[in-house]
Protein chains: 4
Amino acid sequence: MTPVSFRSDNVAGVAPEILAAIGAANGGTAPSYGTDPLTAQLQERFGQLFETKVRVAPVATGTAANALSLSLLAGPYGAVMCSATAHINDSECGAGEFFTGGAKLVTLASRHGKLQPDALEHALATAGIGMTHRVQPQLLSVTEGTERGTLYQLDELRELFAIAKRFGLRIHMDGARFANALAALRCSPAELTWKLGVDVLSFGATKNGAMCTDAVVVFDPGLFDELGFRARRAGQVFSKMRFLSAQLLAYVEGGLWLRLADNANATAARLARGLEALSGVTLVDPVEINEVFATMPPGMIEGLKAAGMGFHDRGGGHIRAVTAFDTTEEQVDAFLAAAARHAD
Amino acid sequence: MTPVSFRSDNVAGVAPEILAAIGAANGGTAPSYGTDPLTAQLQERFGQLFETKVRVAPVATGTAANALSLSLLAGPYGAVMCSATAHINDSECGAGEFFTGGAKLVTLASRHGKLQPDALEHALATAGIGMTHRVQPQLLSVTEGTERGTLYQLDELRELFAIAKRFGLRIHMDGARFANALAALRCSPAELTWKLGVDVLSFGATKNGAMCTDAVVVFDPGLFDELGFRARRAGQVFSKMRFLSAQLLAYVEGGLWLRLADNANATAARLARGLEALSGVTLVDPVEINEVFATMPPGMIEGLKAAGMGFHDRGGGHIRAVTAFDTTEEQVDAFLAAAARHAD
Amino acid sequence: MTPVSFRSDNVAGVAPEILAAIGAANGGTAPSYGTDPLTAQLQERFGQLFETKVRVAPVATGTAANALSLSLLAGPYGAVMCSATAHINDSECGAGEFFTGGAKLVTLASRHGKLQPDALEHALATAGIGMTHRVQPQLLSVTEGTERGTLYQLDELRELFAIAKRFGLRIHMDGARFANALAALRCSPAELTWKLGVDVLSFGATKNGAMCTDAVVVFDPGLFDELGFRARRAGQVFSKMRFLSAQLLAYVEGGLWLRLADNANATAARLARGLEALSGVTLVDPVEINEVFATMPPGMIEGLKAAGMGFHDRGGGHIRAVTAFDTTEEQVDAFLAAAARHAD
Amino acid sequence: MTPVSFRSDNVAGVAPEILAAIGAANGGTAPSYGTDPLTAQLQERFGQLFETKVRVAPVATGTAANALSLSLLAGPYGAVMCSATAHINDSECGAGEFFTGGAKLVTLASRHGKLQPDALEHALATAGIGMTHRVQPQLLSVTEGTERGTLYQLDELRELFAIAKRFGLRIHMDGARFANALAALRCSPAELTWKLGVDVLSFGATKNGAMCTDAVVVFDPGLFDELGFRARRAGQVFSKMRFLSAQLLAYVEGGLWLRLADNANATAARLARGLEALSGVTLVDPVEINEVFATMPPGMIEGLKAAGMGFHDRGGGHIRAVTAFDTTEEQVDAFLAAAARHAD
């Protein structure tokens, strides 16, 4: 068994199928900067996947995906409404502010990482829309599945988006764990995105088995060209783009992405069940995708560390453990066994 | 023989040694966002390579390398002095302006892609340094080897940098083809960079066999931390950084990078010699690295296209042909043979 | 009696002494863009006033003063710590984000518009200083007197600044009502600014009798030059600068600014005393400068409006009334009489 | 006679009618931030003046007018085509780059400060429109009258604008000396602007007798709201806006602006005639508004300085002399007499 690290899903490597696709893409020359056949194929393939015409721009990081998305939807005097726990707000070093030319991220209280309709309604109703001394709400950004390992149900998104649309906002979805959400919700990519009103999606792949490859997926044809220029200007158009497109094609081929996500979700569920059975452990948030947030006794935290178990010690007795596409039940059980040795 | 495409060196794939390194990096988990062992090793290795302490930030594109470099050295009211033919000026969709917060690229006339000392001296002397209504020259950016396939000799750089330093400017080197330059000049990385006064280097690897991986190399310790934040904010810090660091380590291991560049340079020289022997063909710029700029009769251009030879038709009888790390003599000779069939 | 408008102190006109100074400055020609004698004199005069060498840049709005100040002290990946009620946060349409190139304003809870030391300490301790995925706290911005009509005592500022300095932050003071604060605190300009550690001051004058003229006052000589360039680039260097400098000179001449502020403060105090004596009226915040925040019955609000009394109806029974440099006791008493007619 | 300073038209003071209007605006309170009656009146008045619905935003500097205008018409990956001699390019410290979020100013050769149709056509035809690695031409900016004291005839503008429109560009006119141009061309404001296709006009007033007051005039209703937010965010919305609006109303009242401009133009013409009659003096550019560019012998330049005559010594025997709204024939003749004493 390889060492257990549940610190994040991004400590994992690359899925074998995706690595193979990289190798297969390496024969001969190919036109550069996205004019290659694989990138053309990617556009088609994602069009089928999402059941509508889309523009896909492969990017090298989730931060780039988010920041580019924001810049397509929020102008320099705009406000982006998001949860205080949103990755764009607290973990991207201000990339959103940078790419938008200084839009303001307005953070709202959330419950288990999920925006609450009444808070959104109140914020928009008091935002001073039309008043020039206030930044103007232009965009709602939701993360699905959330940074707290939870899920918005489709109806919950529908309600939030209805409020946002009523105030004239556009919609961005941070899908860093989009596959995990989709796998858990058992709905189609279209149902979780544009059919609800999503304008632009940050399509995560890196956390779920790709190698430094995520994507911006744009549903609004009016933004297709702008995406190209903004990505180029941001240093996110790759001369050897085929190597990113090949990954994304392999990622969705034959449902690989959902199988990988299923594994991450299932092992997280196993971990959650095991942990909450331990005396002294409490799950802080519902475990709906592949992240487990829990409190545990100090001794258990120290014991896990001593046993070489990787996880995120968030301080104050709080931990986060994230499973990945390649996490095994054996690893989960090893983690649980180590924890059990230090249960009260 | 695989089809001949000399359109650019970025139409090539990935060198086998580098692809192997990616695969080798894929075992087990690794800390994310550059805290992994390979990235630590990269810092050490490049320190040895450059014979001084450096900070290396792997990035996914040459544009990102350049734009980040500029942002470290030029402030929002700064001017960046560069050649009108500089990639930062005419091929990066304004990334430099974006990352610097609106610095101005001031373009100077060049000869064969090389800045001329008198033009630089004149521009700086008349730039209105200290006058608040003028943008302030803060940075000289040179490309080595140049976008026109030529090289600055060390003495030429020394002269330019002396002028720049006299006016208080800092120095950036766009080394998109740094290996090609180094291989041709037969000097050390240190001699071509910080020993001459270079503050920040865009270290190219993608054009010479890497997969979407270049780097910013900073020589000024005062900028080390800022590099980290700016890269993060630009979406250029990778959760699975090990896959970029592994490439850069493999790239320089045992002198691979110079061997790859030697091949590109040598095949370009062979191509240049063959072309200039043909009636009606004239080399427009000295061929000092791996790019050939030439004029040729319309019939030859059409004939090459008809023969399936890839190159860049620049219009008006001008062509650019670029060889790569894996170009073969056989490919060059096939190109020459096709051209010869259409010589006057 | 002219109509009573306590909607804001910026609905007032220009003090006669300042209008006269504008007229006096109008004789003949003067060098442009701040090279005129009055602007030179302004530097000297403010140096005396603040008992240290300063650089003063007259600007046309308080927003410009604030945004320029922020841009001198917070970089593009920086965080500016401020109260959620700060003018820079909620009333300047994102000017701070614009001028800094996308710094993030991190808002803290406040009490009566005043930042609390424990909240600041906690925010900084958990801000992830040194972690590249977090924006980096670089600046504390306080408003003195506050947007809620209250004052920080010198000791309170000292405590906040000590915390900020301990974490490496610099200090900005938004002095939109600096004269009102100074007049109330009875301390010297130096004591309220650089002696406490303020690096840059937004020096308000417009609200207290000037005509579209405020200033940035920089105490750190290392920022003097940058101020000039940033102001020029922001369209805040005036070809006919003498007309702004003349106002600022007249404003402080013979203590005019403090006399004007005294009047505003005194009339606000009179208004507050009168209001709180009315049944159904409660002062929401201590009235320490020239702003009165109160709750009152709906009938009183409507009655005041019907009587032609100007004030800011903030909704939900909350009102704001602001007195100015030229407010008369007669006006205050008229307002109070109208209110009294609708008291319970 | 007051001293003679022809260094610039911005060394002059304020026209008496405009100063009086400032004083007249000072009675009582007025709603702030542009909601006052004078600012409403300004919108109406300029609508009549331009014979179409416009939105006027008073601003404090010409640089602010230009930079705001550019930001309305050119996006962050845009290119602004302008003359190398354009004020936006060489005299505004990069304000255009700042306000647009990093658009690129692409400078074209000009003759006597005027863009040439063939140069514009060539630049646009080779700009790589639609290619993501190139900034995209979005805006043509012309200065009327030019920085070299010349005028585009209406037909010349029509030709330039037709080219620009054919390539999809929008049109900005820097009218820092709009009144001088209008007075010389004897056409209507509408004929010189929107009827030719101008989208946004920088309406200069300061150089022609106003006090730190220019304006952005927008003809495209689709940009009206954005102007308000961008101006606010740039610190160019004044709490006491009435004092700027009053000036602009007085400026155009009864044709004052054209009378003032006529005087400047006429005295410049007188100066030009006198100078070119002197041995050793050559006019470098046609004198079509109120600026005279000439070469003269070193002795004459020194002699003028010794005589206390103000002008701009541009080096190498080149001088610029600019007359103003209040320049007298007596002053011109004094200047000419001093020059004559040093003619060959």
Side-chain angles (χ1 to χ4, degrees), chain C residues 2-5 7-14 16 19 22-23 25-33 36 59-68 92-95 97-99 101 206-207 210-213 228-244 310 324 326, chain D residues 2-5 7-14 16 19 22-23 25-33 36 59-68 92-95 97-99 101 206-207 210-213 228-244 310 324 326:
Chain C
T2 57
V4 176
S5 177
R7 185 171 170 84
S8 177
D9 32 11
N10 60 31
V11 303
V14 179
L19 197 60
I22 291 172
N26 197 31
T29 65
S32 52
Y33 292 111
D36 62 282
V59 293
T61 64
T63 292
N66 283 337
L68 278 171
E92 301 186 352
C93 199
E97 287 87 347
F98 174 33
F99 280 54
T206 296
K207 288 181 193 292
M211 187 182 88
C212 307
T213 296
F229 289 108
R230 286 198 179 265
R232 184 70 186 82
R233 175 176 176 79
Q236 293 286 344
V237 174
F238 312 89
S239 57
K240 300 183 175 175
M241 182 87 86
R242 56 172 150 163
F243 293 104
L244 287 88
D326 60 353
Chain D
T2 57
V4 177
S5 177
R7 185 173 170 85
S8 177
D9 32 11
N10 61 30
V11 303
V14 179
L19 198 59
I22 291 173
N26 198 31
T29 65
S32 51
Y33 293 111
D36 62 282
V59 295
T61 63
T63 293
N66 282 336
L68 278 171
E92 300 186 352
C93 199
E97 286 88 346
F98 174 33
F99 279 54
T206 296
K207 289 181 192 293
M211 189 181 88
C212 307
T213 295
F229 289 107
R230 286 199 180 264
R232 184 70 187 82
R233 175 175 175 80
Q236 294 285 344
V237 174
F238 311 90
S239 57
K240 300 182 176 176
M241 182 87 85
R242 57 173 150 163
F243 293 105
L244 287 88
D326 59 353

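Because only heavy atoms are used, hydrogens play no part in the values below, and waters and symmetry mates are left out as well, while side chains stay in. Here is the naming used below: chain letters follow the sequence lines, and residue numbers restart at 1 for every chain.
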Trainee: Is D/Arg230 close to chain C through its backbone or its side chain, or both, or neither, when contacts mean heavy atoms under 4.5 Å?
Mentor: neither
Trainee: Given a strict heavy-atom distance threshold of 4.5 Å, which part of D/Ala234 is in contact with chain C: side chain, backbone, both, or neither?
Mentor: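 D/Ala234 touches chain C through backbone and side-chain heavy atoms alike.
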Trainee: Are D/Lys240 and D/Tyr33 close enough that some pair of their side-chain heavy atoms sits under 4.5 Å apart?
Mentor: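 In short, these two side chains do not touch, never coming nearer than 4.5 Å.
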Trainee: Checking heavy atoms, do the side chain of D/Ala231, its backbone, both or neither come under 4.5 Å from chain C?
Mentor: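 For D/Ala231, no heavy atom lies under 4.5 Å from chain C.
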Trainee: Can you tell which of D/Ser8, D/Ala64, D/Ser32 has the highest number of heavy-atom pairs within less than 4.5 Å of chain C?
Mentor: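 That would be D/Ser32.
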Trainee: Most heavy-atom pairs under 4.5 angstrom with chain C, which of D/Cys212, D/Pro16, D/Ala25, D/Gly62?
Mentor: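 Counting heavy-atom pairs under 4.5 Å, the top option is D/Cys212.
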Trainee: Any side-chain to backbone donor/acceptor pair from D/Thr213 onto D/Ala60? Under 3.5 Å, distance only.
Mentor: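 Not at all, since once roles are kept as given, no pair shorter than 3.5 Å links the two residues.
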Trainee: Using heavy-atom distances under 4.5 Å, tell me whether D/Phe99 contacts chain C through its side chain, its backbone, both, or neither.
Mentor: both
Trainee: Minimum heavy-atom separation for C/Leu19 to D/Gly23, with atom names?
Mentor: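 For C/Leu19 versus D/Gly23, the nearest heavy atoms are CD2-CA, 4.2 Å.
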Trainee: Taking every non-hydrogen pair under 4.5 Å, which of D/Phe243, D/Phe238, D/Phe98, D/Phe229 racks up the most with chain C?
Mentor: D/Phe98
Trainee: Of the listed residues (C/Gln236, C/Arg7, C/Met241), which shares the most heavy-atom pairs with chain D below a 4.5 Å separation?
Mentor: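 It is C/Gln236.
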Trainee: For chain C, which candidate among D/Glu92, D/Lys207, D/Met211 shows the most heavy-atom pairs at distances under 4.5 Å?
Mentor: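 With the most close heavy-atom pairs to chain C, the winner is D/Met211.
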Trainee: Could you report the tightest heavy-atom contact between D/Asp36 and D/Ala30, atom names first, then the distance?
Mentor: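 Reported closest heavy-atom pair: CB-CB, 4.2 Å.
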Trainee: Between C/Ala95 and C/Ala67, what is the shortest heavy-atom contact and its length?
Mentor: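 Residues C/Ala95 and C/Ala67, closest heavy atoms: O-CB, 3.7 Å.
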Trainee: Given heavy-atom pairs under 4.5 angstrom as the criterion, report whether the side chain, backbone, both or neither of D/Leu68 touches chain C.
Mentor: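 Neither the backbone nor the side chain of D/Leu68 comes within 4.5 Å of chain C.
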Trainee: Could you report the tightest heavy-atom contact between D/Leu244 and D/Val59, atom names first, then the distance?
Mentor: CD2-O, 3.8 Å
Trainee: For C/Gly94 and D/Arg233, work out which heavy atoms get closest and say how close.
Mentor: O-NH1, 2.8 Å
Trainee: Between D/Thr29, D/Val11, D/Thr63, D/Thr61, which shows the greatest number of heavy-atom pairs under 4.5 Å with chain C?
Mentor: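 When all of D/Thr29, D/Val11, D/Thr63, D/Thr61 are compared, D/Val11 has the most.
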Trainee: Mind listing the closest non-hydrogen atom pair of C/Asn26 and D/Gly13 along with its distance?
Mentor: OD1-CA, 3.3 Å
